[in-house]
Amino acid sequence: MTSSLRTSPFRTALRGSPELTGFAAVMAILALVCAAGLLADDRTVLGQPVWLKPLKFAVSLMVYGFTLAWLLAYLRRGRRVARVAAVVIVVNAVAEVGIIVFQAARGRPSHFNEATPLDEVLWRAMGATIMVLWLATVVLTVLLWRDGMPDRAGSWAVRLGMLLLLLGLLQGFTMVIPTAEQIALDEQGVQTLLGAHAVGVADGGPGMPLTGWSTTGGDLRIGHFVGIHGLQAMLLFLMALPVAAGAARRARLVFVFAYAYAGLLVLVTWQALRGQPLTDPDTATLAAFGVLAGTTALGALAAWRRPVPAAGAALADQGF
């Protein structure tokens, strides 16, 4: 276990899951190709550069795959099951991003698109791959929950981070619900998109630089992004905590950060569902953010100042 901490992150990831590590490397290459596509191809889909979505998915999946591979190096039990789950994730993620790239090359929307029989087949196939990927991630969550990291704070950072990841993936299903206008058009036999990430406005309107998140209405992609990268946020927070703070205090602060991050996920999703852009919060959103920030600050203060009983200090660094 300690040898994993001394080796490079890449070697640790490769030992944890060669499949997920290789997948992350392929996604890194794909990201470079898509970035070149942004410069060489001026086509747009729903108002966004045609290669922007494949680029964002490639980067996100690269981080997702590498992080899981790195964590799996710490498993003491269930490695065979973990390898099967990793292969399932890789196969379905490759299928999903392959469809996204294929549709981008055609200049067609990949998500919610049922305009033609081929578009519908591809969109439904994507939905199936996402569900299988989520279930395989659940399997890895159970295994990592049992083994996690070699210390208490690390174990809980991984456990809570995996739960945030699963919630973020589930939050994406809020986008597949057709709008009232889409349902009406579909009932009239007009083939259209069925589902949307924007709320209160049509997809493809003005958006923030790089992310494309709507600046005129709500955007459910924000909460999706926050959730699926909750695992990385938890791990980065853990790394930022000083070792001198003590194992028990570090563990308590991990719980506080998880509360704050989960609250942020709920807050930005609630804001989007009310048709409100991230850049223009109303009074209710600002008040909710203030409550979240205030309770987080109080929790962090309590976690830092709470004394560690002498009898429990020797056991504070043990996972449970």
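Looking at every heavy atom in both residues, Thr296 comes nearest to Ala260 through OG1-CB, 3.4 Å. When all heavy atoms are compared, the tightest approach of Ala115 to Arg108 is CB-NH2, 3.6 Å. When all heavy atoms of Ile89 and Ala136 are compared, the closest pair comes out as CG1-CB, 3.5 Å. Nearest approach of Phe66 to Ala24, heavy atoms of both residues: N-CB, 3.8 Å. In this structure, Pro54 and Val101 approach most closely via the heavy-atom pair CB-CG2, 4.2 Å. When all heavy atoms are compared, the tightest approach of Gly205 to Gln48 is O-NE2, 4.2 Å.
Annotation: side chain of Leu72 is not in contact with side chain of Arg83 (no heavy-atom distance under 4.5 Å). Under the 4.5 Å side-chain criterion, counting only non-hydrogen atoms from C-beta, Val90 is in contact with Leu20. Side-chain contact between Val97 and Met27 is present, with at least one heavy-atom pair separated by less than 4.5 Å. Annotation: side chain of Arg124 is in contact with side chain of Glu114 (closest heavy-atom distance under 4.5 Å). Looking only at side-chain heavy atoms (C-beta outward), Glu96 and Ile130 come within less than 4.5 Å of each other. Side-chain atoms of Ser110 and Leu122, non-hydrogen and from C-beta on, never get closer than 4.5 Å to each other. Using a 4.5 Å cut-off on side-chain heavy atoms (C-beta onward), Asn92 and Trp134 make no contact. Put simply, the side chain of Arg305 reaches to within 4.5 Å of the side chain of Leu301, judged on heavy atoms.
Not one N or O on the side chain of Asp41 forms a donor-acceptor pair closer than 3.5 Å with the backbone of Gly37. Between the side chain of Glu19 and the backbone N or O of Ala85 there is no donor-acceptor pair closer than 3.5 Å. Panel note: side chain Asn113, backbone Trp123; no donor-acceptor pair is recorded below 3.5 Å. The backbone N or O of Gln271 sits nowhere less than 3.5 Å from a side-chain atom of Thr285 that would complete a donor-acceptor pair. The closest donor-acceptor contact from the side chain of Arg106 to the backbone of Phe102 lies at 3.5 Å or more, if one exists at all.
Taking CG of Leu68 as the reference point, atom OG1 of Thr137 lies at 6.5 Å (rounded to 0.5 Å). With values rounded to the nearest 0.5 angstrom, Leu165 atom CG is found 12.5 Å from Leu160 atom CG. Atom CG in Asp147 sits 9.0 Å away from atom CZ in Arg159 (nearest 0.5 Å). Taking OG1 of Thr269 as the start and CG of Leu265 as the end, the distance is 4.5 Å to the nearest 0.5 Å. Once rounded to the nearest 0.5 Å, the distance linking CE of Met162 with CG of Leu140 reads 5.5 Å.
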Stepwise, does the side-chain contact (heavy atoms from CB on, under 4.5 Å) test hold for Trp213 with Thr279? CA-CA 10 Å; Trp213 295 338; Thr279 53; over 6 Å; no
Please walk me through it: do Val266 and Tyr261 pass side-chain contact (heavy atoms from CB on, under 4.5 Å)? CA-CA 9 Å; Val266 173; Tyr261 200 88; over 6 Å; no
Audit row: Leu253, Arg250, side-chain contact (heavy atoms from CB on, under 4.5 Å) steps and yes/no: CA-CA 5 Å; Leu253 289 171; Arg250 280 161 51 90; 5.7 Å; no
Please lay out, stage by stage, how Asp119 and Gln103 fare under the test side-chain hydrogen bond (donor to acceptor under 3.5 Å, both in side chains). CA-CA 8 Å; Asp119 291 329; Gln103 289 290 71; 2.9 Å; yes
Is there a side-chain contact (heavy atoms from CB on, under 4.5 Å) between Arg221 and Lys56 once you walk through the steps? CA-CA 12 Å; Arg221 293 176 297 181; Lys56 292 191 293 185; 3.9 Å; yes
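Using a 4.5 Å cut-off between side-chain heavy atoms of Ile, Leu, Val, Met, Phe, Trp and Tyr, with links allowed through other members, Phe10 and Phe23 fall into different hydrophobic clusters. If you chain together hydrophobic residues whose side chains sit under 4.5 Å apart, Val138 and Leu71 fall into the same group. Cluster membership for Val139 and Leu144, using ILVMFWY side-chain heavy atoms within less than 4.5 angstrom, is shared. Residues Val81 and Leu166 fall within the same hydrophobic cluster, defined by Ile, Leu, Val, Met, Phe, Trp and Tyr side chains chained together at heavy-atom separations under 4.5 Å. Hydrophobic cluster membership is shared by Ile99 and Trp51, with clusters built from Ile, Leu, Val, Met, Phe, Trp and Tyr side chains linked at under 4.5 angstrom.
Between His111 and Phe57, the ring planes are tilted. Angles from 30° to 60° get that label. Relative orientation of the Tyr74 and Trp70 rings is perpendicular, given thresholds of 30° and 60° on the angle between their planes.
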Donor-acceptor contacts under 3.5 Å from residues 222-245 side chains, at least two apart:
| unit_1 | atom_1 | unit_2 | atom_2 | d |
| --- | --- | --- | --- | --- |
| His224 | ND1 | Gly168 | O | 2.7 |
| His229 | ND1 | Gln232 | OE1 | 3.2 |
| His229 | NE2 | Ser60 | OG | 3.1 |
| Gln232 | NE2 | Thr67 | OG1 | 3.0 |

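Around CZ of Phe173, the count of heavy atoms belonging to other residues, nucleotides or ligands within 6.0 Å exceeds 12.
Screening Leu55, Leu39, Leu38 against Pro49 for a side chain to side chain contact (heavy atoms under 4.5 Å, CB included) leaves a single residue, Leu38. For the side chain to side chain contact (heavy atoms under 4.5 Å, CB included) with Leu278, the qualifying choice from Asp219, Val268, Thr215 is Val268, the only one to do so.
Within the cation-pi definition used here (under 6.0 Å to the ring centroid, within 45° of the axis), Arg152 does not qualify as a partner of Trp156. Geometrically, Arg249 engages Trp304 in a cation-pi contact, judged by NZ or CZ lying under 6.0 Å from the ring centre and within 45° of the ring axis.
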